[in-house]
Asks: 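Quick one: structure below, then a few questions.
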Amino acid sequence: MTVDAERPGFSTTVAALRLRTWLLGPGQPMDVVDLFTDADFKVVVDDRADVHIASKDGRFYLGWFPDGRPGTGGEGWKLAITGTADVPGYSVCFDKETPADVVAAAITRILATSSPVVLA
């Protein structure tokens, strides 16, 4: 980046800004829900029409809250992975307007890096 000392201040052109369109709006939440199989996950729809998805071992949780998660400032998605005795877990929240495609991409990566525990 160079600085033009002859012309102080900020100036640009529309072309220089490289304007883009961005994925916006909540999209289709079923694109996320459809990532889960009955063999490995349990899906529950509660009386508020919130969707809760949990792994059969209980260590993975994903909640979709179309009207916002109660008690929060508009969380639409809550993902939580329970840790182990040696490694802490984590959680991630997305607001109601986060595109389902973005949430699906995160979930796809998490599912791709998981594997069944082999008991000896």
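Note that the numbering runs from 1 along the sequence shown for the chain.
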Asks: Is Val44 reachable from Met30 through a run of I, L, V, M, F, W or Y residues, each pair having side-chain heavy atoms under 4.5 Å apart?
Replies: no
Asks: With ring pair (Phe, Tyr, Trp, His ring centres under 6.0 Å) as the criterion, how do Phe41 and His52 come out once you've worked through the C-alpha distance, each side chain's angles and the decisive distance to 0.1 Å?
Replies: CA-CA 10 Å; Phe41 296 90; His52 308 275; over 10 Å; no
Asks: Before giving the answer on side-chain contact (heavy atoms from CB on, under 4.5 Å), spell out for Val32 and Val51 the whole-Å C-alpha distance, their side-chain angles and the decisive distance to 0.1 Å.
Replies: CA-CA 11 Å; Val32 176; Val51 177; over 6 Å; no
Asks: Give the cluster check for Phe65 versus Val102: same hydrophobic cluster or not, with ILVMFWY residues linked at side-chain heavy-atom distances below 4.5 Å.
Replies: no
Asks: When rounded to the nearest 0.5 angstrom, what distance separates OG in Ser55 from NZ in Lys42?
Replies: 13.5 Å
Asks: Which value, rounded to the nearest 0.5 Å, describes the distance between Phe94 atom CZ and Glu75 atom CD?
Replies: 11.0 Å
Asks: Under the side-chain contact (heavy atoms from CB on, under 4.5 Å) criterion, do Phe60 and Ile110 qualify, and how do the steps go?
Replies: CA-CA 10 Å; Phe60 174 98; Ile110 290 167; 4.2 Å; yes
Asks: Taking everything shown except Asp57 itself, do over 12 heavy atoms lie less than 6.0 Å from its CG?
Replies: yes
Asks: Main chain of Ala104, side chain of Thr108: is a donor-acceptor contact present, judged purely on distance under 3.5 Å?
Replies: yes
Asks: Do Arg69 and Trp64 pass the side-chain contact (heavy atoms from CB on, under 4.5 Å) test, and can you show the C-alpha distance, the side-chain angles, and the key distance before you say yes or no?
Replies: CA-CA 8 Å; Arg69 187 169 171 226; Trp64 173 49; over 6 Å; no
Asks: Can you check whether Trp77's main-chain N or O pairs, donor with acceptor, with Lys96's side chain at less than 3.5 Å?
Replies: no
Asks: Evaluate salt bridge (Lys or Arg N to Asp or Glu O under 4.0 Å) for Asp46 paired with Arg48, printing each intermediate quantity in order.
Replies: CA-CA 5 Å; Asp46 67 19; Arg48 286 178 22 104; 5.1 Å; no
Asks: Any donor and acceptor pair, going by atom type alone, linking the side chain of Ser91 with main-chain N or O of Ala80 inside 3.5 Å?
Replies: no
Asks: Verify the neighbour count for atom NZ of Lys56: are there more than 12 heavy atoms of other residues, nucleotides or ligands below 6.0 Å?
Replies: yes
Asks: How many angstroms lie between atom CG of Leu79 and atom CD1 of Ile53, to the nearest 0.5 angstrom?
Replies: 10.5 Å
Asks: In Å and rounded to the nearest 0.5 Å, what is the CG to CG distance from Leu111 to Leu35?
Replies: 6.5 Å
Asks: Show your reasoning for whether side-chain hydrogen bond (donor to acceptor under 3.5 Å, both in side chains) applies to Thr84 and Asp86.
Replies: CA-CA 5 Å; Thr84 65; Asp86 301 321; 5.0 Å; no
Asks: Verify, without hydrogens or angle tests, whether Arg59 (side chain) and Ile81 (backbone) share a donor-acceptor contact under 3.5 angstrom.
Replies: no
Asks: Compare every heavy atom of Thr82 with every heavy atom of Gly58, then report the nearest pair and how far apart it is.
Replies: O-OG1, 4.1 Å
